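Data block below; observations after.
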Amino acid sequence: MLTIGDKQFNSRLFLGTGKYPDFDTQKAAVDVSETDVLTFSVRRMNIFEPSQPNFLEKLDVEQYSLLPNTAGAKTAQEAVRTAKLANASGLCDMVKVEVIGCDKTLLPDPVETLKATEELVKEGYTVLTYTSDDVVLAQKLEEAGAHAVMPGASPIGSGQGIINPLNLSLIVEQANVPVIVDAGIGSPQDVVTAMELGSDGVLLNSAVSAAADPVKMSEAMKLAVKSGRLGYEAGRIPKKRYATASSPMEGISV
Ligand SMILES: CC(=O)[C@@H](O)[C@H](O)COP(=O)(O)O
């Protein structure tokens, strides 16, 4: 069970809802993932225009915790405004803070991200903050009251996997709130690595929605999260420089 703020989730896989080839594939991929949390960009929702297309329309949204995100915001002020819009439309009191500082890399703006987190925590939201893999910033976000920190594995949509496993493990080691690796995941192997490093969960989108077979990949990601978590809890053997026989000969007389 994963607890974030006052919310509890069975699944440790958070799924994005954009970029699927069509809505039927999106629904099938979401169903097979067994996720509890779906994230979507508030800016892409026709929140106050029910007659307009809604890209969550095939999903039974009652079944999920919705995690509106502030994608597109470049300042704390914009992120706060976007979160309030989602909240006013009754979507959820949870929000993923995402404040982008660079159009080319889509890496987060640390200063504005911290400001938006402080403000939304003060306003009573459950705040999950997308951040870089900066160890000190993750600590400052926690001090600001973030209910979860979400360090990127690598740039959004890049599929490069975990670029800096050392930083990720340091963030996990020091954190007193859940750490959800968010963005840049490319394959189930990346997910297993993130979970084996002790992350509490993974948020991904492109690796599933843009896969050749999104439904199959969604299942693979679900299994990877479970496998990585089990491996982490089980405790891996230490790496040794030299071999140790798997069937020891000590005590055998012949
Ligand atoms: C959907 C969402 O919130 C993205 O901004 C997120 O960071 C996922 O990134 P990937 O598409 O790289 O998985």
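Quantities reported herein were computed from a predicted structural model and do not represent experimental measurements. This chain uses plain numbering: 1 for the first residue, then up along the sequence.
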Test side chain to side chain contact (heavy atoms under 4.5 Å, CB included) applied to L67 and F40, step by step: CA-CA 7 Å; L67 178 62; F40 58 91; over 6 Å; no
Side chain proximity check, L15 to N205, heavy atoms < 4.5 angstrom: no
Side-chain touch Y20/V208, heavy atoms, less than 4.5 angstrom: yes
Shortest non-hydrogen separation from [X] to [Y] and the atoms involved:
X    : Y    : result
S209 : P21  : O-CD, 3.6 Å
S218 : S33  : OG-CB, 3.2 Å
A71  : E98  : CB-OE2, 3.6 Å
A207 : M217 : O-CG, 3.3 Å
K58  : K27  : O-CD, 3.3 Å
K7   : T126 : CE-OG1, 3.8 Å

Considering only distance and modelled atom types, tabulate donor-acceptor pairs under 3.5 Å from the side chains of residues 163-171, sequence neighbours left out.
unit_1: N164; atom_1: OD1; unit_2: L166; atom_2: N; d: 3.4
unit_1: N164; atom_1: OD1; unit_2: N167; atom_2: N; d: 3.0
unit_1: N164; atom_1: ND2; unit_2: N167; atom_2: OD1; d: 3.4
unit_1: N167; atom_1: ND2; unit_2: D133; atom_2: O; d: 2.9
unit_1: S169; atom_1: OG; unit_2: P165; atom_2: O; d: 3.4
unit_1: S169; atom_1: OG; unit_2: L166; atom_2: O; d: 2.8

What side-chain donor-acceptor pairs closer than 3.5 Å can you find for residues 136-150, not counting sequence neighbours?
unit_1: E142; atom_1: OE1; unit_2: N176; atom_2: N; d: 3.0
unit_1: E142; atom_1: OE2; unit_2: N176; atom_2: N; d: 3.2
unit_1: E142; atom_1: OE2; unit_2: N176; atom_2: ND2; d: 3.0
unit_1: H147; atom_1: ND1; unit_2: V127; atom_2: N; d: 2.9

For residues 231-245, please give each side-chain donor-acceptor pair under 3.5 Å, one per line with the distance, not counting sequence neighbours.
unit_1: E233; atom_1: OE2; unit_2: R229; atom_2: NE; d: 3.0
unit_1: K240; atom_1: NZ; unit_2: T244; atom_2: OG1; d: 3.4

side-chain contact (heavy atoms from CB on, under 4.5 Å) partner of T129, the single match among L114, V95, T117, V99: T117
Reference residue L204; test side-chain contact (heavy atoms from CB on, under 4.5 Å); the match among T39, V225, L13: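 Running side-chain contact (heavy atoms from CB on, under 4.5 Å) over T39, V225, L13 with L204 returns exactly one hit, L13.
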Checking the side chain of [X] only, and the main-chain atoms of [Y] only, is there a donor and an acceptor separated by less than 3.5 Å?
X    : Y    : result
S158 : P155 : yes
K222 : V32  : yes
Q8   : L2   : no
T70  : A73  : no
E78  : K74  : yes

Working for side chain to side chain contact (heavy atoms under 4.5 Å, CB included), residues L66 and M94: CA-CA 8 Å; L66 296 181; M94 273 204 306; over 6 Å; no
Side chain to side chain contact (heavy atoms under 4.5 Å, CB included) evaluation trace for L128 with F14: CA-CA 12 Å; L128 293 77; F14 293 17; 3.9 Å; yes
Distance, nearest 0.5 Å, that separates [atom1] of [X] from [atom2] of [Y]:
X    : Y    : atom1 : atom2 : value
D109 : T75  : CG    : OG1   : 9.0 Å
E173 : L197 : CD    : CG    : 11.5 Å
N69  : L38  : CG    : CG    : 11.5 Å
K84  : Y125 : NZ    : OH    : 6.5 Å

NZ/NE/NH1/NH2 to OD/OE distance under 4.0 Å, K115 and E112: yes
Residues R12, E34: salt bridge by 4.0 Å N-O rule: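 Not counted as a salt bridge, because no side-chain N and carboxylate O are separated by less than 4.0 Å.
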Cluster companions of L106 among Ile, Leu, Val, Met, Phe, Trp, Tyr (side-chain spacing under 4.5 Å):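 Reading the cluster by chain and number, L106 sits alongside I100, Y130, I156.
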Members besides L230 in its Ile/Leu/Val/Met/Phe/Trp/Tyr cluster (side-chain heavy atoms under 4.5 Å): none
Tabulate below the donor-acceptor pairs under 3.5 Å that side-chain atoms of residues 178-192 make, not counting sequence neighbours, or state none.
unit_1: D182; atom_1: OD2; unit_2: K96; atom_2: NZ; d: 2.8
unit_1: S187; atom_1: OG; unit_2: Q189; atom_2: N; d: 3.3
unit_1: S187; atom_1: OG; unit_2: D190; atom_2: N; d: 3.4
unit_1: D190; atom_1: OD2; unit_2: G186; atom_2: N; d: 2.8
unit_1: D190; atom_1: OD2; unit_2: S187; atom_2: N; d: 3.0

Worked check of side chain to side chain contact (heavy atoms under 4.5 Å, CB included) between F9 and V37: CA-CA 8 Å; F9 308 110; V37 181; 3.6 Å; yes
CD/Q77: more than 12 non-hydrogen atoms of other groups inside 6.0 Å: no
